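Quick notes on the structure that follows.
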Amino acid sequence: NHWSMLHYQYSEAPCSNLSRNAHKYQRGSSLLICGSKSYLGAGILAAKGANLSGLGLIHIANNAKHPTGYPDGVIHHSCNFFNLNKTLGECGKKSNILAIGSGLGKTLWAKRALKWSVKKHHQFKTSIWDADALNLFSIDRPTLPKTFSQAIFTPHHQEMARLLKI
């Protein structure tokens, strides 16, 4: 069964150096800014991927009110436009990985979340920039820092073309 082999390969390998009974605080934590009212499934998939990677704490923030389908252990934070900076700030203090973009959309809420992430990315050990975060970069051209330390950008060929204005 190909799925079983794939599932085992990708769900077990990243955590192989941790003991099976390692506490959640030993496994790292993440803030996922993804999914939205319109693209809730993207947030669920990102949370499931983070869960399978072995992260101990997963905070997901978006503008959806009462989403379902997240794996166990995922803490959902519903943010509106007015409490977004406060909520992301509180979650960010508890996280060492930032991932933004998947299913974020192109709303004013998404643009504000991206602006917060660009400003605060340096407080995370790693930041991952995906999908709509990259699309928003190509549309709005926010003021970017001279360097992104420990940043991972994941454009497919069309996102890369938009970023480079090709």
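Everything numeric here is computed off the predicted structure, so don't read it as measured data.
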Within 6.0 Å of NZ in Lys93, more than 12 heavy atoms from elsewhere: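 12 or below, so no.
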Exceeds 12 heavy-atom contacts within 6.0 angstrom, atom CD of Gln150: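 No, because the 6.0 Å sphere around CD of Gln150 holds 12 heavy atoms or fewer from other groups.
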Does [Y] offer a backbone N or O that forms a donor-acceptor pair with the side chain of [X] under 3.5 Å?
X: Asn80; Y: Asn83; value: yes
X: Ser36; Y: Gly103; value: yes
X: Ser29; Y: Lys94; value: yes
X: Thr87; Y: Leu84; value: no
X: Asn62; Y: Gly43; value: no

Non-neighbouring partners of Thr154 that pass side-chain hydrogen bond (donor to acceptor under 3.5 Å, both in side chains), sequence neighbours left out: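 side-chain hydrogen bond (donor to acceptor under 3.5 Å, both in side chains) list for Thr154, sorted by chain: Asp130.
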Between atom [atom1] of [X] and atom [atom2] of [Y], what is the distance when rounded to the nearest 0.5 Å?
X: Ile58; Y: Ser53; atom1: CD1; atom2: OG; result: 6.5 Å
X: Lys125; Y: Ile97; atom1: NZ; atom2: CD1; result: 8.5 Å
X: Leu57; Y: Cys91; atom1: CG; atom2: SG; result: 11.0 Å

Using every non-hydrogen atom in the two residues, find where [X] and [Y] come nearest and quote the distance to one decimal.
X: Gly101; Y: Ala131; result: O-CB, 3.8 Å
X: Lys165; Y: Ser138; result: NZ-O, 3.0 Å
X: Lys65; Y: Ser78; result: CA-OG, 3.8 Å

Considering only heavy atoms from C-beta outward, does the side chain of [X] approach that of [Y] to under 4.5 Å?
X: Val118; Y: Trp129; answer: yes
X: Ile152; Y: Thr126; answer: yes
X: Lys120; Y: Leu88; answer: no
X: Asn63; Y: Cys79; answer: no
X: Lys106; Y: Ile139; answer: yes

Given Leu98, Ile60, Asp132, Leu114, the one that forms side chain to side chain contact (heavy atoms under 4.5 Å, CB included) with Ile33: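 Result: among Leu98, Ile60, Asp132, Leu114, Leu98 is the only option passing the side chain to side chain contact (heavy atoms under 4.5 Å, CB included) with Ile33.
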Option from Asn51, Val74, Leu55, Asn96 for which side chain to side chain contact (heavy atoms under 4.5 Å, CB included) with Ser30 holds: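 The single option meeting the side chain to side chain contact (heavy atoms under 4.5 Å, CB included) with Ser30 is Leu55.
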Do the side chains of [X] and [Y] join up, straight or via other hydrophobic residues, at under 4.5 Å, putting them in one cluster?
X: Leu45; Y: Leu134; value: no
X: Leu32; Y: Leu40; value: yes
X: Leu104; Y: Leu163; value: yes

Pair listing, ring-ring contact (aromatic ring centres under 6.0 Å, His included) test, anchored in residues 34-64, at least two apart: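 Checked against ring-ring contact (aromatic ring centres under 6.0 Å, His included) - neighbours excluded - the pairs reaching residues 34-64 are His59-His77.
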Residue pairs involving residues 87-123 (criterion ring-ring contact (aromatic ring centres under 6.0 Å, His included); sequence neighbours excluded):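 Non-adjacent pairs meeting ring-ring contact (aromatic ring centres under 6.0 Å, His included): His121-Phe148.
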Met160 and His157: CA distance, side-chain angles, deciding distance, side chain to side chain contact (heavy atoms under 4.5 Å, CB included) verdict: CA-CA 5 Å; Met160 182 60 83; His157 68 281; 5.6 Å; no
